[in-house]
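What you see below is based on every heavy atom in this structure, not just the backbone, and it leaves out hydrogens, waters and symmetry mates.
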Amino acid sequence: MKIYVDASARCDGDGSEFRPFKRINEAAKIAVAGDEVLVKPGIYREYVNPVNSGTKEAPIVYRSVEPLKAIISGAEEVDDWKLYKGDVWVTRINNGVFNDYNPYTTPVYGDWYFAKDEKHTGCVYLNDKAMYEVDSIEACEKAEVYKPSWEQEWSVYKWYAYVEGDETVIYANFRGKDPRKEKVEINVRRECFMPKKEHVDFITLSGFFVEKAATTWAPPAAFQDGMISPHWSYGWIIEDCEITNSKCCGISLGKYYDDENDHYFTRKHIKSPTQMERDAVCRGQYHGWLKEKIGSHTVRRCNIHDCQQTGIVGRMGCVFSTIEDNHIHHINNMMELGGAEISGIKLHAAIDVLIRRNHIHHNTMGIWLDWEAQGARITQNLLHDNDVPEGSIKLEGGMESQDIFIEVGHGPTLIDNNILLSRYGLRLATEGVAVVHNLILGSTTVVGAGTDCEVDGRSQRRYTPYHIRHRTEVAGMMTILHGDNRFYNNIFVQYYPVDNNESKESPYYQVVGNHVWDEYPTYDEWIARFDMDVEKPDMDKLAVPQFDHLPIWANGNAYLMGAKAWKKETDKFVDADTEVTVELVEKDGFYELETNIYEILGDYSNGIITSDILGKAFEPEQRFEERDESDIIFNVDFYGNHRGVSTIPGPLAK
């Protein structure tokens with residue numbers, strides 16, 4: 001059945017073509033498997049709560065009839081402004097509009113939030129741009145430049161709010177503009193499209209413009225909401241949408257609400273943050289975290305931008321999902337929020353998640369896979385300018401920037417055929433990673449570090465789970481030994497100058513290349529310590545290598561303009577002298593790479609890499625393979641072009 005919605009209809013109807021509903025949520029109440037909800041252009045200022053599931057064969061489809069012309073907004077327009085003083089105006093909002101959730105009294109705060117506890121989930125928007133919150137009328141009047149901002153010229157547009165009786169009073173500095181003549185909105189709803197209950201499966205959301213919701217801080221051991229979220233469900237498709245101006249997260253593929261574990265550290269303090277994360281993983285099994293019930297979502301061809309925590313967030317609910325062909329950019333650029341959950345894409349437990357062909361740029365961080373990136377694959381993505389811009393200062397409590405961060409996982413995690421152009425390329429506080437056929441202009445940081453804590457002089461190891469192969473069930477837990485990494489057929493370029501003396505354990509280490517693994521053994525050196533020819537080896541003796549670093553593999557990599565090779569790598573290409581040029585050029589909405597790298601490489605070539613060459617990640621004993629357990633043969637490049645019988649380093653076949 002087709003159900004019609006039209007915000008401009010004369011009166012609310014019955015969902016038929018000639019008497020459409022005026023609100024999407026009315027359709028969401030009656031839509032069942034196989035139905036298609038067709039939404040006409042217009043602004044839908046509402047929260048949509050789908051109540052019924054579709055099926056794999058007959059999903060429920062919500063479709064914007066004209067792409068991006070049906071707008072689901074979490075905001076309301078405000079034109080009742082009165083001049084207060086100078087450029088500052090004031091309005092009073094009756095609290096009834098917020099129902100039981102007032103964004104202007106709800107702080108952005110919780111587990112893993114490191115910035116000052118002074119921002120709220122509310123926001124004021126001037127002509128579709130978020131203004132900056134301050135903590136007093138005086139600061140609103142002064143309208144000083146906010147130095148951590150990535151767009152400091154805009155940071156002088158300020159707002160301040162407080163509750164007085166049954167009203168929320170909002171002051172805003174519009175810098176000479178008259179808010180009665182401009183488009184001014186405030187966010188009032190927490191989400192835009194998200195079922196209240198769990199397990200509303202097989203929903204497709206196609207072609208909508210989704211904006212301006214007062215989402216909350218979404219750490220991994222807490223309820224994670226986004227403007228759009230499946231909410232602990234299965235088989236959603238979110239496609240061809242534009243998603244912008246979420247206070248925290250654009251899309252959440254994340255965690256359900258668990259009262260006993262929600263913001264545990266913030267509320268109770270008594271367990272370490274790492275322990276509450278282990279608790280969350282194990283409790284997830286009780287709450288139905290199974291391959292057959294949770295995840296397997298698709299997010300494709302979406303434009304996700306100007307959200308202040310993440311473009312896409314997810315803990316456990318993201319498993320077996322595909323995130324492809326999206327444009328994710330300008331995330332956390334306001335720098336009002338700071339903590340360990342900020343990135344273009346930030347996923348925990350990205351088991352068998354495929355992240356491919358995305359364009360990710362101008363974010364605090366590009367992709368961050370934290371804990372249990374087992375079977376995850378990051379492939380054919382373009383990442384650039386995920387760096388703090390010149391003139392901006394680091395926010396106290398803010399995160400460091402890099403293209404890709406893999407943290408405390410046991411693998412196998414695969415990074416292949418990507419173009420990584422930012423100053424810091426890879427942060428690998430983890431093990432069990434294969435890096436194959438990438439172009440990397442930035443350094444590899446936090447090598448051998450970033451996984452354990454020193455508490456009162458004692459090392460507290462961060463034991464993290466690994467899983468039954470291609471499943472969610474926990475197979476075991478282990479600390480991170482570091483190593484067990486493979487580097488094949490990559491191009492490393494010392495493109496940015498080295499202007500500090502940071503160690504390789506630092507997030508600010510700047511010398512590019514695989515030399516950071518020089519102290520790590522080859523496989524032959526490592527396995528020789530285990531007395532494999534002894535029938536009953538000495539357990540105490542073997543305990544030493546069992547807790548030492550795991551081996552490294554490297555072959556066929558190119559090191560240019562001063563990038564340094566692993567000292568044990570035998571087959572490599574090195575040219576330290578020739579100056580490398582790399583320029584990303586946009587032409588008619590498409591990007592080209594103008595570079596002399598391939599002239600420098602000349603006729604250097606190497607063999608085709610396969611799953612058999614990469615082998616198994618050590619701890620889970622799982623191959624670097626497809627989700628269906630079939631082999632990967634790296635015979636196609638960034639564009640999908642065929643490589644032939646031999647290949648050159650980097651993400652391009654020619």
Side-chain angles (χ1 to χ4, degrees), residues 74-75 103-104 106-110 113-136 139-140 142-161 170-175 184-187 211-218 226-227 242-251 303-313 328-346 360-366 368 385-401:
Y104 302 90
T106 304
V108 178
Y109 193 63
Y113 190 81
F114 300 148
K116 293 179 181 178
D117 180 15
E118 59 186 9
K119 306 302 180 187
H120 296 84
T121 60
C123 193
V124 179
Y125 305 91
L126 172 61
N127 297 327
D128 298 317
K129 284 184 69 69
M131 298 171 64
Y132 285 70
E133 183 180 4
V134 290
D135 59 4
S136 69
C140 195
K142 287 182 180 178
E144 295 177 339
V145 170
Y146 181 60
K147 292 296 183 64
S149 171
W150 287 24
E151 193 178 5
Q152 293 182 11
E153 289 183 4
W154 182 258
S155 72
V156 295
Y157 290 84
K158 308 287 191 182
W159 67 269
Y160 166 67
I170 302 176
Y171 293 83
N173 191 325
F174 294 107
R175 304 291 293 177
V184 179
E185 297 168 288
I186 63 169
N187 61 8
E211 65 170 4
K212 302 187 181 88
T215 50
T216 59
W217 182 248
M227 292 200 295
E242 184 163 351
I243 299 156
T244 184
N245 276 320
S246 174
K247 184 65 179 198
C248 289
C249 300
I251 296 174
N303 181 10
I304 307 170
H305 60 97
D306 292 288
C307 302
Q308 298 312 315
Q309 181 188 334
T310 68
I312 302 174
V313 75
I328 303 174
H329 56 106
H330 296 93
I331 303 299
N332 191 228
N333 284 187
M334 293 178 74
M335 281 289 163
E336 288 194 313
L337 311 184
E341 309 306 323
I342 287 175
S343 187
I345 299 173
K346 175 65 194 285
I360 302 175
H361 62 97
H362 290 93
N363 307 309
T364 298
M365 198 180 303
W368 185 354
D385 291 291
N386 297 305
D387 302 309
V388 178
E390 188 175 349
S392 297
I393 65 172
K394 186 175 182 295
L395 172 68
E396 182 180 350
M399 294 305 297
E400 299 82 12
S401 293

Q: Can you measure from CG (Asn245) to CE (Met334) and round to the nearest 0.5 angstrom?
A: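 If we round to the nearest 0.5 Å, Asn245:CG and Met334:CE are 8.5 Å apart.
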Are the side chains of [Y] and [X] in contact, using a 4.5 Å heavy-atom criterion?
X	Y	result
Glu396	Lys116	yes
Trp368	Thr310	no
Ile345	Ile328	yes
Met131	Tyr125	no
Ile243	Met227	yes
Leu337	Cys248	yes
Leu126	Tyr157	yes
Ile304	Ile312	yes

Do any N or O atoms from the side chain of [X] and from the backbone of [Y] form a donor-acceptor pair under 3.5 angstrom?
X	Y	result
Gln152	Gly391	yes
Thr364	Ser401	no
Lys212	Lys247	no
Asn333	Asp306	no
Gln309	Ala218	yes
Asn386	Asn363	yes
Ser246	Cys249	yes
Asn173	Ala143	no
Thr244	His305	yes

I'd like to know whether Thr216 forms a side chain to side chain donor-acceptor pair (under 3.5 Å) with Thr121, so could you lay out the CA-CA distance, the side-chain angles of the two residues, the decisive distance to 0.1 Å, and finally the verdict.
CA-CA 6 Å; Thr216 59; Thr121 60; over 6 Å; no
Hits for ring-ring contact (aromatic ring centres under 6.0 Å, His included) against Tyr113, two or more places apart or cross-chain, chain-then-number order -> Tyr109, Trp217
(Q) Would Leu395 and Met335 count as a side-chain contact (heavy atoms from CB on, under 4.5 Å) here? Give the steps. (A) CA-CA 7 Å; Leu395 172 68; Met335 281 289 163; 4.1 Å; yes
Where Trp150 and Val388 come nearest, the two heavy atoms and their spacing =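 Smallest interatomic distance, heavy atoms only, reads CZ2-CA, 3.6 Å.
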Item to complete: Work out which heavy atom in Ser392 is nearest to a heavy atom in Ser149; give both atom names and the distance.
Response: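 The answer is OG-O, 2.6 Å.
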| field | Lys142 NZ: over 12 foreign heavy atoms closer than 6.0 Å | value | no
Checklist line | Ring geometry between His361 and His329 (parallel below 30°, tilted from 30 to 60°, perpendicular above 60°) | finding: parallel
Tyr160/Ser136 under side chain to side chain donor-acceptor pair (under 3.5 Å): CA gap, chis, key distance, verdict | CA-CA 6 Å; Tyr160 166 67; Ser136 69; over 6 Å; no
Residues passing the side-chain hydrogen bond (donor to acceptor under 3.5 Å, both in side chains) test with His330, sequence neighbours excluded, are none
Between Glu133 and Lys119, does any NZ, NE, NH1 or NH2 come within less than 4.0 Å of an OD or OE carboxylate oxygen?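 Not counted as a salt bridge, because no side-chain N and carboxylate O are separated by less than 4.0 Å.
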Notebook entry, point to check: Which salt bridge (Lys or Arg N to Asp or Glu O under 4.0 Å) pairs, counting each pair once, include a residue from residues 147-161, with sequence neighbours left out?
Noted result: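 Only Lys129-Glu151 qualify under salt bridge (Lys or Arg N to Asp or Glu O under 4.0 Å).
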message: Before we go on, tell me: are the rings of Tyr146 and Trp154 under 6.0 Å apart, centre to centre?
response: no
| said: I'd like to know whether Tyr104 forms a side chain to side chain donor-acceptor pair (under 3.5 Å) with Asn187, so could you lay out the CA-CA distance, the side-chain angles of the two residues, the decisive distance to 0.1 Å, and finally the verdict. | reply: CA-CA 9 Å; Tyr104 302 90; Asn187 61 8; 3.2 Å; yes
